[in-house]
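A short worksheet on the structure shown next.
The sequence lines fix the lettering, A, B, ..., with proteins before strands; numbering per chain opens at 1.
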Amino acid sequence: MIDIEKEAARIAEQGESAPRFARDPVNLPMINNWLEAIGDQHPGYTEVAPPAMVQVWTMAGLHGQRALDDPLGAMMKILDEAGYTSVVATNSDQTYHRYLKVGEHLSVTTSLEDVTGPKQTGLGEGWFVTTRSTWWVGDEAVAEMRFRVLKFKPAARSPEPASETPKAQAIRPSINRDTEYFWEGCRVGELRIQRCGGCGLLRHPPGPMCPECGATKPKYLVSDGRGVVYSYVVHHHPQVPGKQTPFVIALIELDEGVRMLGELDGEPSIGLPVEVVFTKVDDELTMPSWRPRADR
Amino acid sequence: MNAAIVGIGATDFSKDSGRSELQLAAEAVRAALADAGLEPSDVDGLVSFTMDTNTEIAVARELGIPELTFFSRVHYGGGAACATVQQAAMAIETGAARVVVCYRAFNERSGHRFGQVQTAAAANIDNSWSYPMGLGTPGAMVAMFARRYMHEYGATSEDFGRIAVIDRKHAATNPHAWFHGRPITLEDHQASRWIAEPLRLLDCCQESDGGVALVVTSAERARDLPHKPAHIKAATQGSSVDQFIMTSYYRDDLTGLPEMGVVARGLWEKSGIGPSDVDVAVLYDHFTPFVLVQLEELGFCGKGEARDFVASGALELDGALPLNPHGGQLGEAYLHGMNGIAEGVRQVRGTAVNQVANVEHVLVTAGTGVPTSGLVLAQSVEPVRP
Ligand SMILES: [Zn+2]
């Protein structure tokens with residue numbers, strides 16, 4: 001039996017990996033290829049690189065191999081051995097300290113920040129692995145990234161439903177490229193709130209263009225999943241597919257400031273502190289709902 | 001605006017019409033044209049709701065209307081009602097058409113019932129934040145607003161119930177109303193079952209089969225027609241910040257209907273009159289709480305004060321602001337607000353069954369909780385502010 005937490009502590013103790021150098025210096029041909037692939041027509045990238053390219057410079061290439069002291073590789077290997085064989089990336093938060101100039105030669109170091117689990121997620125039981133990478137030019141840190149993956153045991157072919165939901169009849173959301181991140185988050189046990197990549201505006205329900213700054217690069221943050229009941233309805237009639245009446249639908253004001261609708265399992269009142277619960281409907285759909293907070 | 005409603009027509013209002021929606025539309029339009037003293041061949045414009053299943057060309061075929069130069073539809077359910085008249089008036093003013101008929105017809109009780117959960121509606125991305133969570137009926141969506149309104153202003157279920165009592169009182173003396181002869185008391189309201197707390201059955205309007213049509217033409221032409229015209233003194237639509245259909249829950253405040261505030265500003269500005277000049281108010285009443293909120297948005301009372309305004313008796317036929325003399329949608333019929341416009345015309349003509357004395361101005365509003373619209377109808381054709 002592998003003690004995952006002990007192994008994680010061992011890897012974390014090793015601290016920062018040795019600097020791994022980029023194959024090439026920051027260069028214009030690669031910048032142009034990247035801009036073309038992403039569809040970015042900003043004319044300003046002739047002497048500096050788009051900040052979001054930072055990870056590109058130190059990618060290992062098609063036949064690259066992980067360095068032996070790479071903490072993410074080491075942790076993945078341990079989780080593989082423990083039976084958590086599938087992986088899905090859940091978060092990538094990058095911070096840029098300055099623009100990178102053509103000709104600068106980057107290196108990257110990585111440390112293991114956190115391993116938590118086992119967690120029951122919509123995908124199956126798994127562990128969240130968080131690493132922190134720092135990019136360097138000489139001894140100047142120019143960018144950082146917090147990267148999180150879920151390593152999980154794929155659920156059995158006919159998973160037990162997490163609750164008694166008559167799931168076959170439940171109304172399903174329609175999902176498009178603007179809203180996919182939210183439902184994907186629910187599947188891995190994360191309540192995601194859209195955050196504008198331009199000005200940082202938090203927004204729910206989400207949309208493709210920020211009404212504050214016009215940016216069309218929405219990102220998201222993972223909510224703490226806590227809030228209070230702002231308003232609620234006790235639904236009696238008519239019958240609602242997939243629900244047993246009466247049931248409560250609440251409008252939750254999250255600690256992060258946005259509001260969100262969801263079913264509430266408990267006695268409702270305005271101001272009631274609540275926390276999110278995820279209920280797996282099937283492999284594609286996990287629904288967020290709410291319950292009164294134990295620590296209220 | 002240089003336009004007036006010169007004809008009104010309707011089918012019977014029932015729970016099972018026994019005929020197609022197209023037949024209902026055709027009957028209503030024919031009745032409205034007869035009332036206006038016009039022929040189908042005089043019509044060159046048709047306007048309806050996006051939700052109406054009867055296309056303009058189908059209605060034109062049934063009526064024998066040969067040519068159309070203007071046809072248009074308005075979105076957002078019952079929010080379209082007054083906007084159909086605005087479309088017609090704009091078409092008249094610009095010369096796009098000379099006689100425009102607005103119509104709405106459906107078998108909303110015997111056919112497709114809006115109060116049931118429409119599973120297919122979740123295909124809409126906006127609805128994907130409400131329907132899958134179990135919030136899938138208009139009643140429940142209004143209830144979410146109503147609960148917060150009660151919390152903020154101390155309103156009670158009885159305050160909502162008084163609207164139902166007034167509407168049913170007026171319907172009781174209207175032979176065309178489904179609830180003719182069947183008034184209710186506040187106790188009846190309080191004893192009615194929960195639909196979506198805090199809404200009870202008697203807070204929710206009925207479901208109806210039927211059709212209504214309105215004929216609009218220029219003020220000049222109106223002078224030669226048989227009835228006293230109901231001049232369109234102002235008509236406007238309204239949508240507000242972060243607007244959704246029935247679920248605008250993400251605004252700072254949940255106690256108002258800012259889209260109706262937009263309509264109010266537009267109507268008072270364009271008509272040159274204010275709340276105190278309104279002689280009859282026909283306010284959209286699919287659910288009682290939004291009548292209270294409308295009274296506040298339209299400026300008849302302050303925020304949170306509607307319950308006192310209502311309890312004062314102001315909405316009685318002899319009160320300061322007679323409300324829905326035909327009985328509204330709670331009492332007469334649910335025709336997506338179009339029967340309310342017809343009542344506004346009758347009040348201006350002086351021919352309503354529950355006629356209010358000396359009516360100069362009638363205010364009519366359309367669906368609430370959705371992008372909406374409103375009208376000021378007037379007896380005289382005095383010039384409108386530039
Ligand atoms: Zn922004």
Side-chain angles (χ1 to χ4, degrees), chain A residues 165 167 169-180 182-183 186 202-208 211 229-253 257-264 268-271 279 281 285-290, chain B residues 113-152 192-201 203-204 207 241-255 287 289:
Chain A
T165 309
K167 57 183 185 176
Q169 312 130 31
I171 298 180
R172 304 180 71 91
S174 60
I175 299 172
N176 69 7
R177 60 180 62 205
D178 299 332
T179 68
E180 205 170 14
F182 179 87
W183 300 105
C186 291
L202 295 181
R203 189 180 178 208
H204 186 89
V229 172
Y230 188 80
S231 191
Y232 65 92
V233 173
V234 185
H235 188 95
H236 295 262
H237 298 284
Q239 292 304 308
V240 178
K243 308 281 181 196
Q244 285 191 337
T245 53
F247 64 96
V248 180
I249 311 130
L251 180 62
I252 308 299
E253 190 151 274
V258 300
R259 294 192 200 127
M260 200 176 278
L261 285 169
E263 196 172 343
L264 172 66
S269 63
I270 288 180
T279 304
V281 178
L285 181 63
T286 295
M287 288 297 299
S289 62
W290 300 85
Chain B
R113 301 173 66 183
F114 302 163
Q116 303 297 307
V117 181
Q118 314 297 333
T119 308
N124 174 303
I125 282 283
D126 281 356
N127 290 341
S128 289
W129 306 111
S130 51
Y131 279 65
M133 289 74 182
L135 193 72
T137 62
M141 291 170 186
V142 172
M144 192 67 80
F145 284 95
R147 172 66 68 189
R148 188 70 200 184
Y149 181 89
M150 295 166 92
H151 174 78
E152 301 240 0
S192 68
R193 64 187 167 115
W194 292 120
I195 296 299
E197 283 178 65
L199 296 196
R200 299 176 180 281
L201 177 67
D203 288 307
C204 308
E207 300 171 289
V241 62
D242 212 13
Q243 182 77 54
F244 283 78
I245 298 174
M246 300 301 290
T247 57
S248 299
Y249 297 149
Y250 312 100
R251 297 164 167 164
D252 291 345
D253 179 32
L254 218 63
T255 58
F287 300 100

Region of B:Ser130 in contact with chain A, defined by heavy-atom distances below 4.5 Å: both
Please list, chain by chain and in numerical order, all residues satisfying salt bridge (Lys or Arg N to Asp or Glu O under 4.0 Å) with A:Glu253, sequence neighbours excluded. A:Arg259
Check whether A:Ser231 reaches the backbone of B:Met144 with its side chain - one donor and one acceptor, N or O, closer than 3.5 Å. yes
Tell me the closest heavy-atom pair linking B:Ala122 and A:Arg172, and the distance in Å. CB-O, 3.6 Å
Max heavy-atom pair count under 4.5 Å with chain B, selected residue of A:Met260, A:Glu263, A:His204, A:Gln239: A:His204
Contact origin within B:Arg200 toward chain A - heavy atom pairs under 4.5 Å: neither
If you take all heavy atoms of A:Val233 and B:Ala140, which pair is closest and at what distance? CG2-O, 3.4 Å
In sequence, state the C-alpha distance, the side-chain angles, and the governing distance for B:Asn127 and A:Ile171, and then conclude on side chain to side chain contact (heavy atoms under 4.5 Å, CB included). CA-CA 11 Å; B:Asn127 290 341; A:Ile171 298 180; over 6 Å; no
Between B:Arg193 and A:His237, is any side-chain donor less than 3.5 angstrom from a side-chain acceptor? yes
Ignoring hydrogens, what is the shortest heavy-atom contact between A:Pro238 and B:Gly115? Give both atom names and the distance. CG-O, 3.5 Å
Over all atoms of both residues, closest heavy-atom pair of B:Phe244 and A:Pro205: CZ-CG, 3.8 Å
May I ask you to test the A:Thr179-B:Ile125 pair for a side-chain heavy-atom distance under 4.5 Å? yes
B:Glu152: which residues meet the side chain to side chain donor-acceptor pair (under 3.5 Å) condition with it, sequence neighbours left out? B:Arg148
Do you know which of A:Ile175, A:Leu285, A:Leu251 has the most heavy-atom pairs with chain B at a distance under 4.5 angstrom? A:Leu251
Non-hydrogen atoms of A:Leu261 and B:Trp129 that approach each other most closely: CD1-O, 3.4 Å
CG of B:Leu135 to CZ of A:Phe247: how many Å apart, nearest 0.5 Å? 8.0 Å
Under 4.5 Å from any heavy atom of chain A, what part of B:Asn124 do you find: side chain, backbone, both or neither? backbone
Residue from A:Val248, A:Val240, A:Val258 scoring the most non-hydrogen pairs under 4.5 Å with chain B is A:Val240
Please determine whether the number of non-hydrogen atoms from other residues, nucleotides or ligands lying under 6.0 Å from atom CG of B:Asp253 exceeds 12. yes
Treating B:Ser128 as the side-chain partner and A:Pro173 as the backbone partner, does any N or O pair qualify as donor plus acceptor under 3.5 Å? no
Start with the C-alpha distance between B:Leu254 and A:Tyr230, add both sets of side-chain angles, then the distance that settles side chain to side chain contact (heavy atoms under 4.5 Å, CB included), and finish with yes or no. CA-CA 9 Å; B:Leu254 218 63; A:Tyr230 188 80; 3.8 Å; yes
